[in-house]
Amino acid sequence: MAEQKRDYYEVLGVSRSASDDEIKKAYRKLAKKYHPDLNPGNAEAEKNFKEVNEAYEVLSDANKKTRYDQFGHAGVDPNFNAGGGGFGGGFGDFDFGDLGDLFGSFFGGGFGGGRSAARNGPQRGESLRVALTISFEEAAFGCEKEVTIDRVEACPTCHGSGCAAGTTAETCSQCGGSGQVQQRRQTPMGVFSTTTVCPKCGGKGKIIHTPCPDCGGQGQKRRRKTIQVNIPAGIDTDQTISLRGQGNAGKNGGPAGDLLIIINVRPHELFRREGNDVWCEAPITFTQAVLGGEMEIPTIDGKVKYTIPEGTQTGSTFRLRGKGIPVLNGRGRGDQYVTVNIETPRNLTKDQKEKLRKFSESLGEHNYEVRKNFFQKFKK
């Protein structure tokens, strides 16, 4: 028994309402994952790679996608006859649209074209995506930015109707405005009925005799738009801001899509972020480490004074409470952690070296706890 093919939308991991960009993005991700060059000798990966390419070949082609949505895998078979001559078996006068659920379970996709939403019904506009790079501080405290996009909007001349001023569209006489027609064919096995896109109006359900001169009857135009975006405090790289209704305009009264802004935060020269906490490293002198003392620490709010305790070791970490990143859409802030490293002085004079030797000779093992513990463990 031949292996049944998986649904192409399932193969790519997208919904049936996915846009062309979403389908393409899903394909590229999976094609890279299963590519033979990255999976040498892996038969399962090779099988998945072929399956992904087959699904994309159909779903990226408008005509094949339409047939697949209507008839399933059978609709993209080169030997398939949409009129029903290729399938039979004493079914009599049946409409496959009424048996979509039944045949869908056998062929991986229904014959239920009669149940599909007509193309002249309201259609939601495509969502748009744009990447926006901001600074570390802008991500921490929020800001306002402008993004410029090219999007599809309702034609300002005809207000989306597609008709020239003073004219209206005519309801298609062949489909009665539904955008679909039923075809019936007599075969030796019986009469078969299928529902297809109306050839006269192209599925729109209406015919425009005098198109709008500005949009050519499309009812839409692509325009460049600059939009103000409020960046919330605490946002991080790869997080997305969704502006509802700021994407491409819908069709036939459908709502506009969304504008999805994907955030990228530039790395900072001093600070590193982990969740809502900020980390940094600060150099201290040998004298500061031995005697302790007050020093200035940089934070995202500016410099603050901090007292280094006497006998601080290199690599010690101190916490500055509430000096981290604000919680996104919440209250409070993270902390800042400062790791200090002792900088060894260079280019000492002869006199400085001599004084340092005398100072070192004056010290005993009790002055070096880490060193003492190390050699005790070594002796054991």
Side-chain angles (χ1 to χ4, degrees), residues 14-25 59-63 65-66 69 116-134 142-181 197-232 240-264:
V14 297
S15 67
R16 289 186 171 267
S17 60
S19 66
D20 292 341
D21 284 343
E22 290 172 330
I23 291 173
K24 183 183 294 184
K25 183 177 180 180
L59 299 185
S60 63
D61 184 298
N63 292 329
K65 184 174 182 293
T66 298
D69 289 343
S116 303
R119 290 177 58 186
N120 64 328
Q123 298 178 30
R124 186 176 184 273
E126 183 183 26
S127 291
L128 302 177
R129 290 171 175 79
V130 62
L132 178 62
T133 299
I134 59 177
C143 61
E144 280 194 359
K145 288 289 185 179
E146 288 185 347
V147 294
T148 301
I149 58 173
D150 291 323
R151 70 180 183 188
V152 174
E153 298 182 353
C155 173
T157 303
C158 66
H159 306 291
S161 70
C163 301
T167 67
T168 57
E170 175 192 355
T171 300
C172 177
S173 59
Q174 187 165 342
C175 66
S178 68
Q180 297 178 328
V181 293
V197 173
C198 176
K200 185 174 182 179
C201 65
K204 296 180 179 179
K206 59 184 179 181
I207 298 175
I208 299 175
H209 295 290
T210 309
C212 169
D214 199 14
C215 65
Q218 297 300 314
Q220 297 179 330
K221 292 196 68 176
R222 186 170 294 275
R223 301 178 67 184
R224 178 155 293 188
K225 185 80 173 178
T226 298
I227 299 173
Q228 286 283 126
V229 184
N230 289 318
I231 309 297
T240 300
I241 299 172
S242 178
L243 300 183
R244 294 196 176 278
Q246 294 293 341
N248 284 341
K251 294 182 178 180
N252 303 320
D258 300 332
L259 174 60
L260 306 176
I261 301 172
I262 304 167
I263 297 297
N264 177 55

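Just so you know, these numbers use all the heavy atoms, side chains as well, and skip hydrogens, waters and symmetry mates.
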Once you round to the nearest 0.5 Å, how far does SG of Cys172 lie from CD of Gln180? 12.0 Å
Cys201 and Cys175: which non-hydrogen atoms are nearest, and at how many Å? SG-SG, 3.7 Å
side-chain hydrogen bond (donor to acceptor under 3.5 Å, both in side chains) with Asn63: which residues, sequence neighbours excluded? none
Look at Asp21 together with Lys25 and state whether they make a salt bridge at an N to O cut-off of under 4.0 Å. no
Residue pairs passing the side-chain hydrogen bond (donor to acceptor under 3.5 Å, both in side chains) test where at least one lies in residues 207-217, sequence neighbours excluded: Thr157-Asp214, Glu170-His209, Asp214-Lys221
Main chain of Ser127, side chain of Asp258: is a donor-acceptor contact present, judged purely on distance under 3.5 Å? no
Side chain of Arg151, backbone of Gln246: donor and acceptor closer than 3.5 Å? yes
Could you give the distance from NZ (Lys145) to CG (Asn230), rounded to the nearest 0.5 Å? 12.5 Å
Between Glu126 and Lys251 (salt bridge meaning N to carboxylate O under 4.0 Å), is one present in this structure? no
Find the distance between SG (Cys163) and CD1 (Ile208) and round it off to the nearest 0.5 Å. 4.5 Å
Minimum heavy-atom separation for Val181 to Pro199, with atom names? CG2-CD, 3.9 Å
Shortest non-hydrogen pair, Asp150 vs Leu128, comes out as O-CD1, 3.9 Å
Among Ile262, Ile263, Ile241, side chain to side chain contact (heavy atoms under 4.5 Å, CB included) partner for Leu132: Ile263
d(Asp20 CG, Lys65 NZ) to nearest 0.5 Å is 7.0 Å
When you measure from the side chain of Gln220 to the backbone N and O of Gly250, does any donor-acceptor pair fall under 3.5 Å? yes
Give me the atom names and distance for the closest heavy-atom approach of Ser242 to Leu260. OG-CD2, 3.5 Å
Is there a donor-acceptor contact under 3.5 Å from the side chain of Glu22 to the main chain of Ser19? yes
Atom pair CG/CD1 of Leu259 and Ile149 - distance to nearest 0.5 Å: 4.5 Å
List the atom of Ala249, the atom of Ala154, and the distance in Å for their closest heavy-atom pair. CB-N, 3.9 Å
Side chains of Arg223 and Pro156 in contact at under 4.5 Å (non-hydrogen atoms): yes
Would you name the heavy atoms of Gly162 and Cys215 that are closest together and state the gap between them? CA-SG, 4.3 Å
